Amino acid sequence: MQNVLIIDRVSEKFLKELVKRGFNVEYRAGLERRDLLEIINKYNILIFRGRLKIDREVISAGEKLRVLARYGVGLDNVDVEYAIKRGVAVVNAPNASCVSVAELTIGFMIIVLRNLYEYISLVKLGKWPKGSFIGRELYGKTIGIVGFGRIGSRVARYAKAFGMNILVHDVRNVSRDVEELGGRQVDFEELLKQSDVVTIHVPLTPLTYHMIDYYELSLMKDGAVIINTSRGEVVNARALIKHIDRLGGVALDVLEQEPPRDNLYHQLISHPKVIVTPHIGAETIESMDRIADELLHNILDAVKWL
Ligand code: NAD
């Protein structure tokens with residue numbers, strides 16, 4: 001029997017399915033790193049989200065560990081290379097949340113371009129500020145999509161439906177797929193210079209860390225909007241604050257520090273042109289169900305080879 005340790009919140013259904021399939025499950029949501037290091041040597045499968053770093057120390061402490069299962073998409077908190085070297089399989093649920101994150105991106109664009117946040121807050125305060133914040137349409141605007149993978153390509157399809165012009169930057173050659181949508185694959189600088197909305201959909205890697213920094217922001221048009229639903233580290237928050245007055249708005253679902261503690265993030269969050277949500281891109285009923293199903297399928301696939 002495989003011993004499974006779950007260290008973050010997962011769905012009830014997922015827990016039940018694991019038990020039904022004969023796994024011996026220990027559910028310790030919120031377990032601290034030091035406690036994890038103490039007990040991990042008893043388990044064959046570790047299920048986790050993005051909260052703790054699953055690094056060399058954790059992986060080597062898990063002497064019987066055979067599968068690392070990320071309940072979600074991002075593997076940036078996992079030393080995948082080291083795990084594979086030690087013969088530990090790494091699985092995740094990469095497809096489950098694409099629709100939810102892409103829809104959130106479109107929602108962000110409309111909220112920012114129509115100043116909905118200001119209107120809604122003021123009406124709640126009993127005001128009626130009609131005419132105070134004249135908005136902009138998506139139609140005819142240029143969206144610059146950085147990263148044309150599962151989420152970025154879906155954002156492109158939705159943006160096309162709104163009549164937006166599509167520019168894409170990706171390290172892979174995706175020009176054929178982009179052209180099918182009537183868009184163009186361009187280099188990063190051209191995308192930054194031409195776009196009315198820049199939206200980020202790359203994974204966090206050494207190459208994408210602070211990919212949007214002072215220089216990149218300086219290339220963007222006055223009034224352009226920036227959206228990040230990927231990973232906080234991709235955008236330098238200090239640089240954003242420096243350029244905020246020139247920008248049309250910023251919408252972030254992710255921050256380099258989550259939850260934010262440093263004053264830098266409070267300065268950013270409280271700025272009237274910035275909206276921040278607490279990393280909720282995948283938090284829909286549908287996406288959570290799909291994560292559970294996809295991850296279970298991938299865990300069962302991985303244990304077949306043990
Ligand atoms: P994906 O792997 O399908 O696509 C990423 C794309 O980025 C690929 O096409 C890749 O070639 C491209 N890319 C990689 N490095 C690049 C670089 N240096 N320059 C340009 N392009 C580069 O990823 P995805 O599933 O679409 O996820 C995108 C991002 O969204 C990830 O960071 C993921 O962690 C994040 N995400 C966030 C949430 C959330 O809750 N906000 C939920 C799911 C995913």
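Note that the structure is predicted; figures quoted are calculated from it, not measured. Remember, it's 1-based here, ligands and their atoms both numbered in the order they're listed.
Between Thr205 and ligand 1, no N or O atom pair is found at a separation short of 3.5 Å. The shortest N or O to N or O distance between Thr229 and ligand 1 is under 3.5 Å. By the 3.5 Å distance cut-off applied to N or O atoms, Val202 is counted among the residues near ligand 1.
Side chain to side chain, Glu256 and Tyr209 meet the donor-acceptor criterion of an N or O pair below 3.5 Å.
Considering only non-hydrogen protein atoms, atom 18 (N) of ligand 1 sits nearest to Thr208 CG2, 3.4 Å. Nearest non-hydrogen protein atom to atom 42 (C) of ligand 1 is Val101 CG2, 3.3 Å. Looking only at protein heavy atoms, the nearest one to atom 40 (O) of ligand 1 is His279 CD2, 3.1 Å. Residue, atom and distance of the protein heavy atom nearest to atom 1 (P) of ligand 1 are Arg150 NH2, 3.6 Å. Ranking protein heavy atoms by distance to atom 21 (N) of ligand 1, first place goes to Val171 N, 3.4 Å. Regarding atom 28 (C) of ligand 1, its nearest protein heavy-atom neighbour is His201 O, 3.3 Å. For atom 4 (O) of ligand 1, the closest heavy atom belonging to the protein is Gly149 CA, 3.2 Å.
Contact check for Leu264 versus Gln257: no side-chain heavy atoms found under the 4.5 Å cut-off.
Using a cutoff of 4.0 Å between basic side-chain nitrogens and carboxylate oxygens, Lys304 and Asp301 are scored as salt-bridged. Taking 4.0 Å as the cut-off between side-chain N and carboxylate O, Asp55 and Arg33 count as a salt-bridged pair. By the 4.0 Å N-to-carboxylate-O rule, Arg28 lies close enough to Glu26 to be salt-bridged with it. Comment: Glu190 engages Arg184 in a salt bridge, judged by a side-chain N to carboxylate O separation of less than 4.0 angstrom. A salt bridge is defined here as a Lys NZ or Arg NE, NH1 or NH2 lying under 4.0 Å from an Asp or Glu carboxylate O, and Glu38 with Arg34 fails to meet this definition. Between Asp213 and Arg238, none of the side-chain N atoms (NZ, or NE/NH1/NH2) sits under 4.0 Å from a carboxylate O, so this pair counts as no salt bridge.
Of the possible polar contacts, none joining the Asn44 side chain to the Arg66 backbone as a donor-acceptor pair under 3.5 Å is found. Looking only at distances, no side-chain donor or acceptor of Glu103 sits under 3.5 Å from a matching main-chain atom of Ser100.
At a heavy-atom cutoff of 4.0 Å, ligand 1 is contacted by the side chain of Ser97 but not by its backbone.
Not a single heavy atom of Glu283 sits less than 4.0 Å from an atom of ligand 1. Using a non-hydrogen distance threshold of 4.0 Å, Val146 does not register as a contact of ligand 1.
Here Leu138 contributes atom CG and Met109 contributes atom CE; the two are 5.0 Å apart, rounded to the nearest 0.5 Å.
Atoms of ligand 1 found under 4.0 Å from any heavy atom of Ala282, numbered from 1 in the order shown, are 40 (O). The atoms of ligand 1 that sit less than 4.0 Å from any heavy atom of Arg231 are 32 (O), 34 (O), 35 (C), 36 (N), 37 (C). Near Met211, meaning under 4.0 Å from any of its heavy atoms, are these atoms of ligand 1: 19 (N), 20 (C). Residue Gly147 has at least one heavy-atom neighbour below 4.0 Å for each of these atoms of ligand 1: 6 (C), 7 (O).
When Ile151, Val168, Val174, Asp170 are checked for heavy-atom proximity to atom 8 (C) of ligand 1, Asp170 turns out nearest.
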